[in-house]
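Scroll down for the structure; my scribbles are underneath it.
Each chain gets a letter, A, B and so on, in the order the sequences are listed, and its residues count up from 1.
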2 protein chains.
Amino acid sequence: MDGRSRRRGDTRQRLYEAAVELIAERGFSATTVDDIALRANVAKGTVYYNFKSKTELFEELLRHGVGLLTEEFRVAVEGLPPREAVRALVRAQLAYIKRYRAFAQLLVSEMWRTNREWQQTLVLLREQAIGVIAETVQAGVDSGDLPADLDVRVASAALFGVGLVVAVDWLVFQPDRPIEDVEESMLAIVRRVA
Amino acid sequence: MDGRSRRRGDTRQRLYEAAVELIAERGFSATTVDDIALRANVAKGTVYYNFKSKTELFEELLRHGVGLLTEEFRVAVEGLPPREAVRALVRAQLAYIKRYRAFAQLLVSEMWRTNREWQQTLVLLREQAIGVIAETVQAGVDSGDLPADLDVRVASAALFGVGLVVAVDWLVFQPDRPIEDVEESMLAIVRRVA
DNA sequence: CGAACTAAACTGACTGGTCAGTACAAAAAC
DNA sequence: GTTTTTGTACTGACCAGTCAGTTTAGTTCG
């Protein structure tokens, strides 16, 4: 780990942070590369030294963010029995969204859009995140802890989508409401699998 | 209602339809006024004859769409007892989203964004739609049909957000799944108030 | 040691294209 | 004869991406 790659990593990190905030607020197209560079305290050229294009910066940002989320999902469920594991997933998702609020907003904005360049990337990433949930739910069904008639794929997708929207709604419209309430609401909503 | 205003109304309607589809796909900034005019089979000047600006077209589009939704909400609950009324709301939301898929996608994309020009408009419209739900839920709490400890505001907001996201997810990722399944899922999710 | 060298990282002025909004005369609809 | 729409042309602001040049961090060698 020499100084060069550390420096470069720092720059990329700063660019991610700047881009995620601006894009969450304004959307991809309304965010200019100049804005991103300015907020990251970097010259415009540096953006293009580190990323092939504005779109690529965004796609790598998506990969980066969803990668972190699935990572936390995996850590959260490690060694837990099914129903507890599902609860742990809800908690992990909530904590993640609280921590990376802007990224979560951005995901909500882009997740259900069609025909954009990065749509394919996003579908893949969605599969990846939902995949971790599905493994957990499947294990619960196999072990008999969860109802056998549960459609694992659908339940996992619903879990993911509902968690995203309830948590983001909370952060945007009811930020004063304590986090325990939100966790409780989410668990109430997904009671059938938790 | 003379022929002139009907004609004008038609043009505006066509512009709404063109704009909603394009903006749902690409987002507001990535959609050009020329594109909208082209898709609506209208000259660019006509857009500006009917609307002050691109932004105003979009805001009126939002008002128009949410107006229709609340209208359908009101019709749906008319004269129904509380729990049935809630079910009717779910069904109405689902039907609406199925019918105006693009508008629903657009709402999901914009609803939880911050700092855009039309943010204030959207907050108001959200209040309006959730208001109808809240009236119904409140009536249920008052009559004892729904649990007294239910936070009406929060439950209504959750109902609205979850419905939006589950339905849009269905249309985008599982369009072959029959509508009854989706209705069933949504009702299962909101069981506490239905 | 430190001077000279090298490649990686970064800079910011510039370019070519795009797009919101305007102008307006002529035509069509009512 | 008034309202609405058309078609075309135009402008000025804005912006993604480029590139020639500069700085920085690590390396080599006296």
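Taking atom CZ of residue A:R26 and atom C1' of nucleotide D:dC14, one finds them 14 Å apart after rounding to whole Å. Here D:dC14 presents its C1' atom at 13 Å from NZ of B:K54, a figure rounded to the nearest Å. Between B:D10 atom CG and C:dC30 atom C1' there is a gap of 14 Å when expressed in whole angstrom units. Between the CD atom of A:E56 and the C1' atom of D:dG17 there is a distance of 14 Å, given to the nearest Å. Here the P atom of nucleotide C:dC14 and the CG atom of A:D34 are 15 Å apart, to the nearest Å. Between B:Y48 atom OH and C:dT22 atom P the separation is 7 Å, expressed in whole Å.
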Point to revise | Evaluation steps, side-chain contact (heavy atoms from CB on, under 4.5 Å), between B:L22 and B:R26 | key: CA-CA 6 Å; B:L22 291 168; B:R26 315 173 185 181; 3.5 Å; yes
Check your understanding: Where do A:E127 and A:R153 land on the salt bridge (Lys or Arg N to Asp or Glu O under 4.0 Å) test, with the steps shown first?
Key -> CA-CA 10 Å; A:E127 284 303 309; A:R153 212 70 212 162; 2.7 Å; yes
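For CZ of B:R177, the number of neighbouring non-hydrogen atoms (other residues, nucleotides, ligands) closer than 6.0 Å is greater than 12.
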Can you tabulate the close N/O pairs, meaning under 3.5 Å, that link protein atoms to atoms of nucleotides 5-7 of chain D?
| residue | atom | partner | partner atom | Å |
| --- | --- | --- | --- | --- |
| D:dT5 | OP1 | B:T11 | OG1 | 2.4 |
| D:dT5 | OP2 | B:N50 | ND2 | 3.0 |
| D:dT6 | OP2 | B:A43 | N | 3.0 |
| D:dT6 | OP2 | B:T46 | OG1 | 2.7 |

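In this structure, A:T32 and A:K52 both approach DNA chain D, and ranking their closest nucleotides by distance from the 5' end singles out A:T32.
Between the side chains of B:S143 and B:D145, at least one donor-acceptor pair of N or O atoms lies under 3.5 Å.
Between A:R87 and A:E84 there is no salt bridge, since none of the side-chain N atoms of the basic residue sits less than 4.0 Å from a carboxylate O of the acidic one.
Contacts of A:T31 with the nucleic acid, taken as non-hydrogen atoms under 4.0 Å apart, involve only primed sugar atoms and P, OP1 or OP2.
Taking the six-membered ring where the residue is Trp, B:F28 and B:F58 present tilted rings, their angle falling between 30° and 60°.
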